[in-house]
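Every value quoted in this text rests on a predicted model; they were computed, and no experiment measured them. Atoms considered below: every heavy atom in the structure, side chains included; atoms not considered: hydrogens, waters and symmetry mates.
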Amino acid sequence: MKLTRLSTIMLSLGAVLIIISIFLPWWGMKFYAPQYPEGLDIIVYPYKMTGQLDIINGLNHYIGMKNFSEESFPELKFLPYLLAGMALLTLIVGVLRNRTFLYVLIIIFIMGGGLGLYDIHRWLADYGTNLDPTAPIKMKPFVPPIIGTNKIANFTTISYFTYGSYLLGLSFLLILFALWRDRKQNKKPE
């Protein structure tokens with residue numbers, strides 16, 4: 001069964017939002033301490049990391065944590081291409097107007113989102129639990145949350161999603177809405 005034109009428009013808009021999300025930050029972590037009341041940031045884009053990485057790495061050295069750097073996260077090299085491919089796939093599904101392809105697209109979106117959350121958790125666990133035992137300050141291993149607040153020594157960290165991930169989520173909602181709207185419109189009266 002063919003998708004409606006409105007569904008095609010929503011899928012096209014979803015594809016545009018995916019592309020825009022590539023250029024915006026997706027996730028961040030802010031570190032507050034008495035000596036840093038304004039906070040220190042790590043901001044993650046799909047292709048780079050920004051913030052006060054040098055200061056954070058200098059502080060993390062004392063507890064034996066590895067340095068944060070773009071080179072440490074190989075995903076940043078290929079994630080923009082995966083997202084561009086996802087946008088293209090979303091656009092193709094809209095042009096072909098095939099409901100079966102739309103279901104496949106939704107499954108791919110769900111799997112990609114799940115893998116993305118798993119990947120963030122995996123990195124947070126790796127950085128928080130693989131501490132150098134010879135570090136000057138001994139700490140129990142820890143895993144910061146993907147989203148939320150955590151207390152580590154005299155630092156309070158706040159992890160959060162931001163603009164790029166919101167646009168990606170909105171894109172997914174548009175895709176789901178396209179399916180819902182299409183199914184509702186094509187439902188035969190009983």
Using modelled atom types only, decide if a donor and an acceptor are shared between the side chain of Trp27 and the backbone of Ile146 within a distance under 3.5 Å. yes
Check your understanding: For the side chain of Ser21 and the backbone of Leu167, is there at least one donor-acceptor N/O pair under 3.5 Å apart?
Key -> no
**Message:** Between Tyr36 and Ile55, does the side-chain contact (heavy atoms from CB on, under 4.5 Å) criterion hold? Intermediate values first, please.
**Reply:** CA-CA 11 Å; Tyr36 298 102; Ile55 296 171; 3.7 Å; yes
Check: Ser72 side chain, Phe68 main-chain N or O, donor-acceptor pair, under 3.5 Å: no
- Message: Would the distance check show the side chain of Lys138 and the main-chain N or O of Pro133 forming a donor-acceptor pair, the cut-off being under 3.5 Å?
- Response: yes
Derivation of the side-chain contact (heavy atoms from CB on, under 4.5 Å) call for Asp41 and Gln52: CA-CA 6 Å; Asp41 290 302; Gln52 293 87 16; 3.6 Å; yes
Exercise. Are the side chain of Thr8 and the backbone of Gly94 linked by a donor-acceptor contact shorter than 3.5 Å?
Worked result: yes
Within the distance-only criterion (no hydrogens, no angle test), does the side chain of Tyr166 pair as donor or acceptor with the backbone N or O of Phe161 below 3.5 angstrom? yes
Check whether any side-chain heavy atom of Glu70 sits under 4.5 Å from a side-chain heavy atom of Phe73, and report yes or no.
no
Notebook entry, point to check: Does some side-chain heavy atom of Met111 sit less than 4.5 Å from a side-chain heavy atom of Ile107?
Noted result: yes
message = Starting from Ile18, can I reach Met10 by hopping between I/L/V/M/F/W/Y residues whose side chains sit under 4.5 Å apart?
response = no
Q) Is there a side-chain contact between Phe177 and Leu173, using heavy atoms and a 4.5 Å cut-off? A) no
Here the gap from Met49 atom CE to Ile56 atom CD1, rounded to the nearest 0.5 Å, amounts to 8.5 Å
Self-check item: Same cluster (ILVMFWY, side-chain, under 4.5 Å), Ile92 and Leu6
Solution: no
Worksheet entry | Pairwise side-chain contact, His121 with Val143, heavy-atom cut-off 4.5 Å (strictly under) | yes
Result for side-chain contact (heavy atoms from CB on, under 4.5 Å) between Met86 and one of Ile19, Leu168, Leu91, Leu105 points to Leu105
With a 4.5 Å limit on heavy-atom distance, are the side chains of Leu11 and Leu3 in contact? yes
Any side-chain heavy atom of Leu82 sitting closer than 4.5 Å to one from Glu75? no
Output for pair (Phe78 CZ, Leu83 CG), nearest 0.5 Å, gives 10.5 Å
Checklist entry - Are there more than 12 heavy atoms of other residues, nucleotides or ligands under 6.0 Å from atom OH of Tyr118? => result no
inquiry  = Quick check: do Val44 and Leu76 have side-chain heavy atoms less than 4.5 Å from each other?
reply    = yes
Q. Would a distance-only check, ignoring hydrogens and angles, find a side-chain to backbone donor-acceptor pair under 3.5 Å from Lys2 to Leu96?
A. yes
